[in-house]
Amino acid sequence: MSKLLSPATIGGIDLSNRVIMPPMCMYEAHEQDGKPTPFHFAHYGMRAISKMGLIIQEATAIEPDGRITNQDLGLWNDEQMEAMKKLVDSVHYLGSKMGIQISHAGRKASDAQAPLSPSGIPYGEPYNPPVEMTLKQIQATIDGFVASSIRAEKAGYDMIEIHAAHGYLISQFLSPLANQRNDQYGGSLENRYRILREIIDGIKAQVALPIWVRISADAYDETGQQNTIEDWQQMARWMEEQGVAAIDVSTGGILSKKPNIPLHAGFQTPYATRIKEAVAIDVITVGLIDDPGLAEFILQTNQADAVMIGRAILRNTNWLNDAAVALHDHEFKPYNNSYVRGQKG
């Protein structure tokens, strides 16, 4: 049996395989109420039928102005929680574990009239100029992450991922490119990490679910002012000390300028491997990993502990079935006997 499709305990969760659907915003909450729609039930249900080991729900905002767009999902009230519970129950019924990424977009909240940020530094057009957060607003944001996490646990999710990547609010605090505060939340690496530290501690004090964190381990900044990989390794060690169960490693998003880098299959995996060198907890990789052979190689060579399959699972809901064929994994079984009839090889 392949390592990719073998059962494993990843980030504190027992999974049927090491294939994870990453959080990918769908912008389908057209009533702007943050609640899942029939689209979300079909979208996530199809991936559960395909036997994803873990599905992580798209970035779900902790407050209305924390949404990337007004069409995003949210978990800032109990009505949303009740709707999410039905979604989680349906995914569980179909056989997959389900997590949720909780998020605040900060200065990248495109529909917010006065988006929040650590230092009031604009992201760029077409986003509205941000407002530098007061200490009271920072505490309210920390409380919002905790409150949404409590609701996530009540809704039945299997894990919580804190979105600290891609230039959204926590990512902004972590980065010297966006955070130029002069108080306890700015300046040194330890101070810039403080809001994430307090969010993690706050959630752990109230919620028993495993906590994962998604980071962007390279800003692709050409000025030399960004966090170094050694900085990210230090932050990863702090996360491990705080009891974070896994780190999901991506890159980019803090700057509006498109990075001038070659894109190739697995281009972000070296960053995951560097983080893995620094910690003993599980590290997850993502980034154009479409080829099952590449995914298996990454795992067999211990470059990461699990892989996220994003765009490929959007293109092909039967990616895992095709992966089993490509890897000659005869132990993998499609959802039921009716789906077996569609299995090639």
Side-chain angles (χ1 to χ4, degrees), residues 11 22-25 56-63 66-68 75 99-109 116-119 123 133 138 141-142 144-146 148-149 152 159-179 181 185-186 189-204 207 209-220 226-229 231-255 268 271-272 274-275 278-279 281-287 308:
M24 294 178 284
C25 286
I56 304 181
Q57 182 176 303
E58 61 204 82
T60 302
I62 65 164
E63 62 167 272
R67 290 174 289 184
I68 302 168
L75 194 51
I100 183 171
Q101 184 186 72
I102 53 172
S103 176
H104 191 300
R107 67 181 185 178
K108 293 177 76 173
L116 301 177
S117 74
S119 300
Y123 180 67
M133 295 173 74
I138 290 173
T141 299
I142 294 167
F145 272 93
V146 174
S148 291
S149 298
M159 55 78 78
I160 294 165
E161 178 173 89
I162 300 170
H163 198 353
H166 299 159
Y168 299 115
L169 185 64
I170 301 175
S171 177
Q172 292 162 33
F173 270 92
L174 298 178
S175 173
L177 297 168
N179 182 353
R181 300 178 70 92
Y185 291 96
L189 181 65
E190 187 170 8
N191 279 358
R192 286 184 275 115
Y193 181 80
R194 188 180 305 276
I195 188 171
L196 179 55
R197 178 181 295 281
E198 293 179 354
I199 288 169
I200 293 168
D201 286 345
I203 294 172
K204 286 193 70 65
V207 174
L209 294 179
I211 298 171
W212 296 20
V213 178
R214 171 168 263 198
I215 63 172
S216 285
D218 194 335
Y220 302 117
Q226 67 174 3
N227 289 318
T228 65
I229 191 62
D231 290 332
W232 288 110
Q233 288 177 320
Q234 177 59 65
M235 287 187 273
R237 285 189 286 266
W238 288 334
M239 293 175 209
E240 182 176 31
E241 291 168 2
Q242 289 187 265
V244 167
I247 301 174
D248 164 12
V249 182
S250 185
T251 60
I254 194 71
L255 301 174
Q268 293 177 124
Y271 296 96
R274 291 298 304 276
I275 298 300
V279 296
I281 58 176
D282 290 324
V283 176
I284 322 301
T285 189
V286 68
M308 290 188 167

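No hydrogens, no waters, no symmetry mates; every other heavy atom, side chains included, goes into these values. One is the number of the first residue; the rest follow in order along the sequence.
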Please report the closest heavy-atom contact between [X] and [Y], naming both atoms and the distance.
X: H166; Y: T251; value: CD2-O, 3.5 Å
X: K108; Y: G167; value: CD-O, 3.2 Å
X: I68; Y: C25; value: CD1-SG, 3.8 Å
X: V249; Y: A272; value: CG1-N, 3.8 Å

Please check if the side chain of [X] supplies one atom and the backbone of [Y] the other of a donor-acceptor pair under 3.5 Å.
X: W212; Y: G11; answer: yes
X: S148; Y: L75; answer: yes
X: S175; Y: F173; answer: no
X: N227; Y: L174; answer: yes
X: Q233; Y: I275; answer: no

Pairing residues for F145 by the ring pair (Phe, Tyr, Trp, His ring centres under 6.0 Å) criterion, not counting sequence neighbours: none
Residue pair T285 / Q268, side-chain donor-acceptor N/O under 3.5 Å: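 Result is no, nothing qualifies.
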Spacing of I195 atom CD1 and T141 atom OG1 [to the nearest 0.5 Å]: 6.0 Å
Spacing of I170 atom CD1 and S103 atom OG [to the nearest 0.5 Å]: 7.5 Å
For R197, salt bridge (charged side-chain N to carboxylate O under 4.0 Å, His left out) partners two or more places apart: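 Per chain and number, R197 pairs via salt bridge (charged side-chain N to carboxylate O under 4.0 Å, His left out) with no residue.
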pair M235-L196: side-chain heavy atoms closer than 4.5 Å: no
Side-chain touch P23/H163, heavy atoms, less than 4.5 angstrom: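 SC-SC contact between P23 and H163 ruled out.
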Selection residues 240-252 - residue pairs positive for salt bridge (Lys or Arg N to Asp or Glu O under 4.0 Å), sequence neighbours left out: R214-D248
Parallel, tilted or perpendicular: ring planes of Y193 versus W238, cut at 30 and 60 degrees: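 Geometry flag for W238 against Y193: tilted rings.
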